[in-house]
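None of these values were measured; they are calculated from a predicted model. Whatever order the structure lists them in is the order used to number ligands and atoms, beginning at 1.
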Amino acid sequence: MTDWEWQQYAIETQAIRAGQRRTPELEHSDPIFATSSYVFDSAADAAARFSGKVPGNIYSRFTNPTVRAFEDRLAAMENGERCIAVASGMAAIATTAFGLLKAGDHVVCSRSVFGNTVLLFQNYLAKFGVTTTFVDMSDYEAWESAIRPETRFLFLETPSNPLTEIADIHRISTMAGENGSLLVVDNCFCTPALQKPLDLGADIVIHSATKYLDGQGRCVGGAIVGRQELLDKEIYPFLRTGGPSMSPFNAWVFLKGLETLSMRMRAHSENALSLAEWLESQPWVKRVYYPGLPSHPQHDLAVRQQAAGGGIVSFEVEGGRDGAWKLIDSTRLLSITANLGDVKTTITHPATTTHGRLSESERAAAGISEGLVRIAVGLEDVEDIRRDLLRAFA
Ligand SMILES: *Cc1c(COP(=O)(O)O)cnc(C)c1O
């Protein structure tokens, strides 16, 4: 539950102070509640808490003070009423889907979402009688005509991975609202430091806390943010019953990560813009994808919707898979890993890693070519990153 008092403070302040409830020990830093269960004053107290008549901790699958501190802090930062923390970003999407959907329901999903998100809808939700229509994220007519009376929600990610396409959140939320459908936005790439989808009309925000919220590549986690009533009624019961819970230790790491989120996102964005501009000037680079570049097809929308371009830069090199793999293998400083949102710069080949489980035609439809390389720009000196890439190319 968000303490609305926090809404008068800037995000940098919320990130450091919101959600903390000091215990009688008067600790300054947030404690880790490493406990699976809680004791009750009496049998009657236990019964009252289990039934929900009296609020309080019951069992850490669905109530833990450290996890709650993380939830309340992130809710404040996203301008949301309520946050539910879960075990991973994929658990956040699956929990949202299991909570909201029933057989016969329909989902409209951007084609340019995280690879596992496509598989979740296509391979698993389909088994329970939920159908999904995939659309090009910037084709607004396609969104409009895909919506049906039984469409429960629309799902998108902006900027998208790895091509950094931008979707107009306000415009798509209006379409969803006119049909009585919800808009769910995966805000992983921007985080609330750069973009607040709820303020733009989205109903639910999804996070992979694994990425920028942690910020140093330590823990896997996820979160769902939105209106109190919607989350309490339709999504929280699935967490309690299905059990994709966040561990208190991970919640504590994410709490610490949030404290520096705004500073880090600004620094990631500055490094990424500088690297993208340099890549665009390199003759061995065919095309650069970065929302902060004026050459980005949706640069104007990006400037309106996001406070900065974020940390992800993708580019195409000559020579298809061979060219991309050679460049990746020849770097010395950059880490070859598919993770992103780390202080360490990472380099990856989307076609054979993050998007490798998609079929060739699905990849082609999503615009992910064999020569595409994705860099999640970290916080090292950007000149050192440039030098590593130039040496790798040579
Ligand atoms: C990584 C990622 C996810 C999945 O998160 P996990 O924590 O790895 O489960 C979802 N969406 C986006 C955009 C991601 O980058």
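Between F254 and F70, the ring planes are tilted. Angles from 30° to 60° get that label. The aromatic rings of F393 and W284 sit parallel to each other, their planes meeting at less than 30°, with 60° as the upper class boundary.
D203 pairs in a salt bridge (charged side-chain N to carboxylate O under 4.0 Å, His left out) with only one of the listed residues (R82, R227, R152), which is R227.
Within 4.0 Å of ligand 1, contacts by protein heavy atoms are made from S88, G89, M90, F114, E157, D186, C188, F189, S208, T210, K211, G221.
For F121 against F134, the heavy-atom pair with the smallest separation is CB-CZ, 4.2 Å.
Both tests hold for R171 against Y140: distance to the six-membered ring centre under 6.0 Å, angle to the ring axis within 45°.
Between the side chains of T260 and R264, at least one donor-acceptor pair of N or O atoms lies under 3.5 Å.
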